[in-house]
Amino acid sequence: MSLRITPVTASSELNDFVSLPFSIYKDYPLWVPGLIRDEKALLTPGQHPFWETARRELFLAYRDNKPVGRIAAIVDEKHNSYAGEKCGAFGFYECMNDNEASAALFAAAADWLAKQGMTFMRGPLNPSTNYTCGLLVDGYEEKPGLMMPWQPPYYLDQFNLFHFRKEQDLFAYMIYRDAAVLTPSLQKELEGLKKQGTFTCRQSQKATLAEDIRIMLSLYKESWAKNFCFSPLSENESEALVKELVVYLDPKFFILFFHGEEPVAGMVAMPNFNPLLKRMNGRLNLLTPWHYFRTRKEQKEGYRIMLFGVREKYRLLGLPLLLFDYMLEQAKNTPDFQWVEGSWVLEDNNAVNDLIEDFGGRLSKRYRLFRKELV
């Protein structure tokens with residue numbers, strides 16, 4: 001059976017690119033599809049602001065004229081300028097259990113990135129750490145959190161066959177309602193922090209939501225600035241995210257802390273829309289309101305902590321503890337709440353990992369970012 005790798009140049013090929021996962025995952029019930037229209041927009045220069053400072057080449061693998069794999073090779077100039085790297089990202093990787101096709105896709109991406117002057121490739125980044133990223137390497141039996149990937153175990157074999165090496169793992173923690181009990185010593189520390197009254201907190205509201213999101217993104221940018229693989233959002237990317245989050249955020253799970261008038265910390269948790277996305281199967285249609293109605297209880301049972309940030313100069317003053325305490329108190333006061341996922345957290349962020357475990361968090365899934373030298 002003949003194999004060919006081709007760059008995506010025609011609209012029909014882009015349709016094959018975004019539709020391929022539905023063929024690969026048809027027998028994998030834990031996979032949750034995003035909306036096809038959103039993925040098309042994210043992949044299209046001129047439609048998504050990420051590409052204002054980045055470029056990409058999309059590749060498809062066809063076997064006997066049937067699409068069996070895909071990959072995006074990405075040069076993110078904003079990230080490379082910020083990090084002082086010549087990193088060629090790769091992402092949006094999907095492939096049948098076909099090692100020849102997999103190796104050919106990785107080789108095509110590596111060749112294109114090398115010709116762009118990049119010295120190494122890193123991924124999966126779809127298209128950066130500000131979006132979906134990582135390859136699932138542990139926790140295949142667990143449902144993924146909102147906007148977190150799920151891939152079959154054979155993907156890891158395909159990565160290893162191409163001699164990628166691990167660069168960093170990303171952790172996902174589950175905190176269940178009944179398990180979120182602090183130790184007496186941590187409870188005492190928390191009570192002391194509240195008694196000091198150094199910080200005030202404010203729950204977001206519908207009227208202030210857009211501006212609060214902008215404050216949160218500013219906190220995120222500062223607090224994550226020195227982290228592995230951090231890539232700052234552009235102003236246009238930030239505004240696109242504000243417009244998206246305003247629609248979906250539940251303000252009571254969005255908290256900001258202040259020192260005087262200065263915003264110093266914040267946390268955002270999103271309802272679990274995965275049951276709705278699963279029913280929608282990639283498409284908005286006339287049945288979408290019905291699917292929403294049928295899944296709304298499931299959506300309220302779980303949340304994912306998506307944004308978390310503390311200004312560096314305040315980091316050792318107990319704010320992470322206050323943030324988690326507030327969020328879990330809100331959750332416990334929500335009748336339908338059962339669990340929250342904290343994801344993702346860098347494996348070497350010991351302070352946050354330890355804190356989540358102190359709140360009863362269980363490491364449930366592990367995702368990996370890989371690297372391969374090109375020169």
Side-chain angles (χ1 to χ4, degrees), residues 1-25 39-40 42-46 48 50-51 53-77 79-80 85-129 131-137 149 151-152 154-167 229 368-375:
M1 296 187 292
S2 63
L3 175 72
R4 63 182 172 92
I5 307 296
T6 183
V8 171
T9 57
S11 59
S12 60
E13 292 167 339
L14 182 59
N15 288 335
D16 284 348
F17 193 95
V18 298
S19 299
L20 176 63
F22 292 87
S23 298
I24 293 175
Y25 291 100
E39 178 152 303
K40 273 189 176 180
L42 179 56
L43 286 164
T44 304
H48 195 281
F50 174 82
W51 304 108
T53 56
R55 58 191 183 276
R56 57 61 167 171
E57 188 78 85
L58 308 181
F59 295 96
L60 272 167
Y62 287 93
R63 190 173 288 284
D64 291 343
N65 295 319
K66 177 184 176 181
V68 296
R70 72 179 203 183
I71 198 168
I74 303 157
V75 176
D76 182 353
E77 297 288 9
H79 167 80
N80 283 342
E85 296 180 332
K86 289 188 176 181
C87 168
F90 70 93
F92 301 94
Y93 174 81
E94 304 286 358
C95 194
M96 299 285 189
N97 197 355
D98 182 332
N99 291 340
E100 183 187 12
S102 169
L105 286 166
F106 286 137
D111 182 63
W112 187 86
L113 292 169
K115 289 176 179 176
Q116 300 295 309
M118 302 300 104
T119 59
F120 71 95
M121 60 194 296
R122 172 189 290 144
L125 299 170
N126 310 319
S128 79
T129 53
Y131 303 86
T132 306
C133 63
L135 179 78
L136 183 66
V137 296
Q151 298 104 346
Y154 72 80
Y155 274 35
L156 180 57
D157 295 332
Q158 292 177 339
F159 276 64
N160 289 335
L161 285 170
F162 199 68
H163 303 294
F164 283 108
R165 66 175 176 85
K166 169 190 168 181
E167 192 167 25
C229 204
R368 184 161 296 165
L369 291 176
F370 293 84
R371 175 176 178 136
K372 185 178 177 68
E373 305 305 316
L374 296 175
V375 293

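All figures in this text were calculated on a predicted structure; none of them were measured in a lab.
- Counting all heavy atoms, side chain and backbone alike, A89 lies closest to L125 at CB-CD1, 3.8 Å.
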Q: May I have the step-by-step check of side-chain contact (heavy atoms from CB on, under 4.5 Å) for F92 and R56, ending in yes or no?
A: CA-CA 11 Å; F92 301 94; R56 57 61 167 171; over 6 Å; no
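- A114 and L374 make their closest contact through N-CD1, 4.0 Å (heavy atoms, listed as atom of the first residue, atom of the second, distance).
- Annotation for K166: atom NZ counts as buried by contact number, over 12 foreign heavy atoms lying within 6.0 Å.
- For the pair A54 and D76, the tightest heavy-atom approach, listed with the atom from each and the gap, is CB-CA, 3.9 Å.
- Using modelled atom types, one finds a donor on one side chain and an acceptor on the other under 3.5 Å when comparing Y93 with S102.
- Taking the side chain to side chain donor-acceptor pair (under 3.5 Å) definition, one finds that R122 meets it with E85, E167, sequence neighbours left out.
- With rounding to the nearest 0.5 Å, the separation of CG in D157 from CG in N99 is 7.5 Å.
- The CZ atom of R70 sits 14.0 Å away from the CD1 atom of I5 when rounded to the nearest 0.5 Å.
- Note that the CE atom of M121 and the CZ atom of F162 stand 6.0 Å from one another [nearest 0.5 Å].
- The shortest distance between side-chain heavy atoms of E13 and P7 does not fall below 4.5 Å.
- Closest approach of A101 to V68, counting heavy atoms only: CB-CG2, 3.9 Å.
- Rounding to the nearest 0.5 Å gives a distance of 10.0 Å between CG of L60 and OG1 of T9.
- Taking all atoms of both residues into account, the shortest heavy-atom contact from I71 to L105 is CG2-O, 3.7 Å.
- Using modelled atom types, one finds no donor on one side chain facing an acceptor on the other under 3.5 Å when comparing Y25 with Q151.
- Looking at residues two or more places apart in sequence or on another chain, you find a side chain to side chain donor-acceptor pair (under 3.5 Å) between R63 and D98, E100.
- I74 CD1 to L58 CG: the interatomic distance, rounded to the nearest 0.5 Å, is 8.0 Å.
- For the pair L43 and P45, the tightest heavy-atom approach, listed with the atom from each and the gap, is O-CD, 3.3 Å.
- Counting only heavy atoms from C-beta outward, the side chains of C95 and Q158 approach each other to under 4.5 Å.
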Q. Step by step, would you call E57 with Q116 a side-chain contact (heavy atoms from CB on, under 4.5 Å)?
A. CA-CA 11 Å; E57 188 78 85; Q116 300 295 309; over 6 Å; no
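- For the ring-ring contact (aromatic ring centres under 6.0 Å, His included) test with F90, the passing option among F370, W112, F164 is F164; the others fail.
- Inter-residue side-chain proximity for P127 and L42 is flagged as met; some heavy-atom pair is nearer than 4.5 Å.
- Salt bridge annotation for R371-E373: present, with a cationic side-chain nitrogen under 4.0 angstrom from a carboxylate oxygen.
- Between H79 and T129 the shortest side-chain heavy-atom distance does not fall below 4.5 Å.
- Take F59 and apply the ring-ring contact (aromatic ring centres under 6.0 Å, His included) test, not counting sequence neighbours, and it matches no residue.
- Taking the six-membered ring where the residue is Trp, F159 and F106 present perpendicular rings, their angle passing 60° and hence far from 30°.
- To the nearest 0.5 angstrom, L369 atom CG is 12.0 Å from R165 atom CZ.
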